[in-house]
Structures are given as C-alpha cells and as structure tokens.
Amino acid sequence: MSTTSTTPLRFLKMHGLGNDFVIVDRRTDARPLPAAAIAAVGNRRTGVGCDQFITIEPGDAEADAVMGIYNGDDGSPSGACGNATRCVAHLLMQETGKAEVTIRTVSGLLRGWRDVATGLVTVDMGPARLDWQEIPLAEPRDTLHADLSVGPLHDPVCVSMGNPHAVFFVDDVAAVDLPAVGPQVERHPLFPARTNVEIVQVLDRGRVRMRVWERAAGITMACGSGACAVGVAAVRRGLTDRRVAVALDGGTLTIEWREADGHVLMTGPVATAFAGTLDPSLLPAPAPALT
Ligand SMILES: N[C@H](CCC[C@H](N)C(=O)O)C(=O)O
C-alpha cells in the first residue's frame, strides 16, 4: 500500500508485564520513520507513549519477519528487546498459524513459541555475550567483576543479550534510589554505547527480585533482555540455578540459561491493549531528499 505523509499511521499497542510498545507493521506501510518521529510517538504526553517503538519488516528465507527496536525516549536503536520479541512472536503465530516462529533482529535469528497450556510465550534470546568487547566496555575488564562503583552500586556483572547490561547485586532493591543512580550508570564512560542497569536481590536459588533502569527509556515495569542478563549474572556468580523466576515491578519472567548451547530462554505473558492510528501531523516530515 503506497502511503503519503497524509496517511494516518496504523499501530498496535502491546505490552509484556507493563513494558509497553507501539508496534508498526512496515510490511504494509513502509514510510520512513526517522528517530524524531519515533520520539514523537513515544512521548507520553503529546504522542501515544511507549517504552519502545517496534517495527515489523518483511521476513526472508530464514525469518518469518524482521523486527526493528527503537527506544521511546529518543528513537535510538537497540539490539534486543525481550518483551517486545515475545509480543511480535505472538502476532506472527496468530498470523501464520505456526506453533513456532523465527524473528530476525540486528543481533541474530530468534525463535519464539507458545506454551498452549499456559498461553505464555517463550523466546530463545540467543547466546549471552560475556566478553568486554561484546558488551561493549570502553576498556578490557573482567565482566564477572567489572570493578565499577556508582553511589551505592558496586561490582557489576556485565552481560550483552545484543544490548548492554550492568547487573548489580544488592541486599534490598527497595532501598536503592534507582531513578537517581540509574542514569549515572547508564551514561558512565565505561559504557561507550551507554547501558541498561539492573539491581537484583537474590531471594533463593530459584527466585530473584530485580528492578531496571533502561537505556533511553528509564525505569520500566519489566525488561526482558535485562531479566536474561540477570539470570546469566546470577549463575556466573554461583547465586542461583540456571532456571530462575525473575520478579520485576510488572510481574514474573522465567529465565533459563541453557547449559548445552549458552542460549537464554525467556518465558512470560503478552497482552494487546488496543489498535489505533496516528495522525500524520505527529510524524515530522522526513528531511527532503538532497537535490
Ligand atoms: N532499553 C533497551 C531496549 C529495550 C529492552 C527491554 N524493553 C527488553 O524487554 O529487553 C536498550 O536500549 O538496550
């Protein structure tokens, strides 16, 4: 369908444990969506509001679809969004009738499937990346003890799930002023691409409580890739089993860091809130083509 700048933009609003998304299907509306337009949509006062803006693009020989991930605050791209991947997997399973679907992101091919009994959706988020250059960090560090202190947070485990995470273990997540310290860690010079920030309280070998300050999104109700990073960090530190229930502000995700291939599986609910159309005046016109 050819669209012009006067065509309303159709979207779907979905969330995973309150981590919310505007999802646009660019297989039917391929208009350019510059960062400024995404940030305008993400604005919770003057736009629709979302933690992340997600695009569904045509698939290829291996993938049912390609997924684009952009943070709602500034339209910056991300290499992973676990909760949104579950939402897109849900949509593709509904659309195709397939029991398992494949989604390509900039970080690789991800598989998603549904547990028929519970309705929960699992995504194989691929392997955890543990080398300092994969996070990335600005200098060589032991990612198991990254030797960083910011305010009350010390000694993070750094993990990439296709996006960077700094995981801090604390005695009481409720005692940490995350809105104050989160942005200081997010923008610390050790993280040249900034970072997502997780604080974690280990409850027992099968349960942890976490909160998150997301890169370019701030405090969110849940962070799927963050929960994956937490599951990996807890195992690396010998604090939990490889399968763990991660209690976030918005609810619980089940994480398993699979020993056989190092992949991280994440299971949780998805929800559709509403479908809508965006007034094209909300979308700054793309820059005129250079003549
Ligand atoms: N703010 C993250 C992207 C979204 C991650 C989160 N919503 C998830 O479910 O993984 C980043 O810039 O890496």
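Order of appearance sets the numbers: ligands from 1, and atoms from 1 within every ligand. Just the heavy atoms: all of them, side chains too, but no hydrogens, waters or symmetry mates, feed the values below.
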Item to check | Met125 CE to Thr105 OG1 distance, which is reported to the nearest 0.5 Å | outcome: 7.5 Å

Next on the checklist: For Arg141, is there an ion pair with Glu139 - N to carboxylate O distance below 4.0 angstrom?
Outcome noted: yes

Item to check | Donor on one side chain, acceptor on other, Asn163 and Ser225, under 3.5 Å | outcome: yes

Item to check | Arg243/Asp241 ion pair, N-O < 4.0 Å | outcome: no

Next on the checklist: For a quick check: using heavy atoms under 4.0 Å, what are the residues in contact with ligand 1, sorted by chain and number?
Outcome noted: Asn19, Gln52, Asn71, Ser78, Ala80, Cys81, Gly82, Asn83, Asn163, Asn196, Glu214, Arg215, Cys223, Gly224, Ser225

Checklist entry - Does a donor on one side chain and an acceptor on the other come within less than 3.5 Å for Thr143 and Arg236? => result yes

Checklist entry - Are the charged groups of Arg44 and Asp51 less than 4.0 angstrom apart, N to O? => result yes

